[in-house]
Amino acid sequence: MNAMRVWLAAGLLMLGGWARAQTESADADWRYRIQPGDTLITLTEAWLAPPKGWRDLQKLNRVPDPLRLKPGSTLRMPVGWLRREASVAEAVFVKGEVSRQRGTAAEALAAGATLLSGDRIKTGAQASASLRFADGSRLLIPPESEVTLEQLLVLGRGAIPAVRLNLAKGGVDNRVVPNAQRVPLYELRTPHVNLGVRGTEFRVQTAGGASRMQVLSGAVHADGLGPDVAGGQGLLAEGSARSVAPLLPAPDLAALPRTAERLPLSLGWQVSPAGAVAWRAQLYAKGDFDRLLLDARVAQPVAAWAEARELPDGDYTLRLRGIDARGQEGAAADADIHLQARPEPPFIQSPAEGAVSYNGGMALAWSRNTAAPRVRLQIARDAGFKDLALQPPPLDAASDDVKLPDGVYHWRIASVEASGRAGPFGDVQSFEIKPPPPAPPPAEPQVDGDQLKLRWRADPGVTRYELEWAKSEAFEGADVQRFATDKPELAMPKPSAGKYFLRARAFNAAGAASPWGQTQMIEQPYPRWIWLLPLLAIPLL
């Protein structure tokens, strides 16, 4: 019961504040500058709504003669006395899933559509809409927001606009044209605070149990708060509580690259200003802050948008604001960004990053962009591609075998359209060409009992050896034997008498093989008793 009383009291307090704001607006005076030929009767017919008449104007302004007014002087007309007519708003920009609900019917909102009092606008993820009111004031509705146009009116013959909005969810950015009447005819209502505006630029967000407002220029009146909230200040409204504090200064975008060549789009900046715990990043059509294309609230100083693939190459403006610990978005910094990401570079297939070749060259392979099948290849001795080692004309193939001196190289590729226009380079890869390990020196044979032992000089970097033994100098045929060892020596069964051929090669830790060393010939002598066989045959002759 106590909780219900608290809620009831809070509700009555808010309703009372809203009623006071309405009464203040109605009782506020509009000052009309008298033109030649004006009379109280003609002004009443042009401006006032019944039952107010010229005698009410005469009494309020203490005019002695209703038919004789002094041109150039001013006449007070309470806003509540002015004739009211329905007005409309126009959707000047729509992106993504934006709906308009009118009564019980809902439909997609399109640019150029006319909006009436009572229309409710909802924006989805990465969707936005910009509205223009009768006096040129603008309303930007960012993603994930819900706004109702509660009142769209024009007052009197001069069509003075009177706008009242209700923000139920998300946020709005407002640019209100100043009016000479100096009365709040642009009103914005949230679940936590009601705002009256005479002409200013300000932002409002509502979420959870609080609403936040940031005034960029001019001033905004908030119910429950005495003085207006001035430019450079932010208002936090939680229940009936109101607090005002300075906004953060604009972030520093000096280090932000002005050209983006990668998709998905990723833009990073240095951590600033002091006190920022998060950032609001928005991408607009260049210089056009009615056309919000991408929006993100990020906890780190980088905004990455996969949705940027939908954007054509061209010029855009990044608007960035720091967010303080109270959730208030500060002053904005703007930077123009040129998107040049197409044609997109091919995918690299081989070699792997940091690959090493020992054969004096490297085989490169990549995919092909079907919209731009040719490839621009650059190979450099430095990561900055100042010292180019190879830059052939655009290639029509999906691979290339390059021959280069020993060394470390960096390479990158870009797609080239049929017109010759090249896109940005892809990520830089590196490879190294090294000399192969040295071939083993000639082996020194030694017969030891029933074994033939071979030894040779060890070379640095060699981890294993491979030897071939054959009766043919061409090392062909079924009699070729292969031996492997990780030491510069080998013991093998002593061969029978005859002539044999031997060659060896070395391998390093990466498995690269040296060329075969020079072929060595080994003669295994026949036993001496074989030479006595002819003498044993003499007695038989």
Side-chain angles (χ1 to χ4, degrees), residues 257 259-263 266 340-341 343-369 372-417 420-442 456-468 484-488 503-519:
T259 299
E261 296 184 335
R262 294 286 188 276
L263 291 175
S266 180
Q340 181 59 62
E344 296 183 36
F347 295 107
I348 290 176
Q349 294 180 322
S350 64
E353 167 63 14
V356 179
S357 172
Y358 296 91
N359 62 7
M362 182 64 76
L364 311 178
W366 50 82
S367 64
R368 302 184 77 177
N369 186 329
R374 292 196 296 166
V375 169
R376 181 184 180 194
L377 169 66
Q378 282 188 341
I379 301 177
R381 299 176 184 86
D382 64 312
F385 286 81
K386 303 296 184 184
D387 185 9
L388 290 177
L390 185 64
Q391 182 176 237
L395 304 172
D396 290 318
S399 63
D400 193 24
D401 292 330
V402 297
K403 300 296 181 182
L404 294 165
D406 296 344
V408 175
Y409 296 92
H410 306 270
W411 71 293
R412 60 186 182 181
I413 50 177
S415 297
V416 181
E417 295 176 345
R421 175 177 172 270
F425 283 106
D427 292 337
V428 176
Q429 302 282 308
S430 64
F431 64 85
E432 185 175 4
I433 297 177
K434 290 183 176 182
W456 55 90
R457 185 188 70 244
D459 288 307
V462 175
T463 59
R464 67 184 181 92
Y465 301 89
E466 185 177 273
L467 291 84
E468 285 191 336
T485 176
D486 57 359
K487 297 179 180 180
R503 64 180 182 181
R505 60 180 178 180
F507 291 80
N508 62 14
S514 72
W516 287 105
Q518 292 182 329
T519 301

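Values below: all heavy atoms of this structure, side chains included; hydrogens, waters and symmetry mates excluded.
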(message) Go through it in stages, so that I can follow the logic: the residues are Glu468 and Trp516, the test is side chain to side chain contact (heavy atoms under 4.5 Å, CB included), and I'd like the CA-CA distance, side-chain angles, deciding distance and then a yes or no.
(response) CA-CA 10 Å; Glu468 285 191 336; Trp516 287 105; 3.6 Å; yes
(request) Report the C-alpha distance between Val375 and Val416 in whole Å, list the side-chain angles of each, state the deciding distance to 0.1 Å, and finish with yes or no for side chain to side chain contact (heavy atoms under 4.5 Å, CB included). (result) CA-CA 6 Å; Val375 169; Val416 181; 6.0 Å; no
(request) Given side chain to side chain contact (heavy atoms under 4.5 Å, CB included), test Glu344 with Leu263 step by step and report yes or no. (result) CA-CA 8 Å; Glu344 296 183 36; Leu263 291 175; 3.9 Å; yes
(request) Show your reasoning for whether side chain to side chain contact (heavy atoms under 4.5 Å, CB included) applies to Gln391 and Phe385. (result) CA-CA 11 Å; Gln391 182 176 237; Phe385 286 81; over 6 Å; no
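Using a 4.5 Å cut-off on side-chain heavy atoms (C-beta onward), Trp411 and Leu364 make contact. Side-chain contact check for Arg412 versus His410: every heavy-atom pair is 4.5 Å or farther apart. In this structure, the side chains of Pro436 and Asn359 stay at 4.5 Å or more apart for every pair of heavy atoms. In this structure the side chain of Asp486 never reaches within 4.5 angstrom of the side chain of Phe507, judged on heavy atoms. No side-chain heavy atom of Glu466 sits under 4.5 Å from any side-chain heavy atom of Thr485. In this structure, the side chains of Ser367 and Pro346 come closer than 4.5 Å at one or more pairs of heavy atoms. Within the 4.5 Å cutoff, the side chain of Arg368 has heavy atoms near those of the Asp396 side chain. Using a 4.5 Å heavy-atom threshold, the side chains of Ser357 and Pro351 count as separate.
For the residue pair Ser514 and Pro440, the shortest heavy atom distance occurs at OG-CD, 4.3 Å. Here the shortest heavy-atom pairing between Ala512 and Tyr358 reads CB-CD1, 2.9 Å. Pro435 approaches Asp406 most closely through the heavy-atom pair CD-OD2, 3.2 Å. Between Leu377 and Pro392, the shortest heavy-atom distance links the atoms O-CD, 3.5 Å. The shortest heavy-atom contact between Pro424 and Pro345 is O-CB, 3.7 Å. Closest non-hydrogen pair, Leu388 versus Arg381, comes out as O-NH1, 3.3 Å.
Between Asp459 and Arg457, at least one side-chain N (NZ, or NE/NH1/NH2) sits under 4.0 Å from a carboxylate O, which counts as a salt bridge.
Distance check, rounded to the nearest 0.5 Å: OG of Ser415 to CZ of Phe425 gives 10.5 Å. Once rounded to the nearest 0.5 Å, the distance linking CD1 of Ile413 with CZ of Arg376 reads 12.5 Å. To the nearest 0.5 Å, the span separating CZ on Arg374 from CG on Asn369 amounts to 13.0 Å. Considering CD of Gln429 and CD1 of Ile348, their distance stands at 4.0 Å, rounded to 0.5 Å.
Crowding of Lys386 atom NZ: a count of heavy atoms from other residues, nucleotides or ligands under 6.0 Å not exceeding 12. For CD of Gln518, the number of neighbouring non-hydrogen atoms (other residues, nucleotides, ligands) closer than 6.0 Å is 12 at most.
Trp366 pairs by the ring pair (Phe, Tyr, Trp, His ring centres under 6.0 Å) definition with nothing, not counting sequence neighbours.
No side-chain donor-acceptor contact under 3.5 Å links Glu432 to the backbone of Gly354.
Tyr409 pairs with exactly one of Asp382, Leu390, Val402, Ile379 by the side chain to side chain contact (heavy atoms under 4.5 Å, CB included) rule, that one being Ile379.
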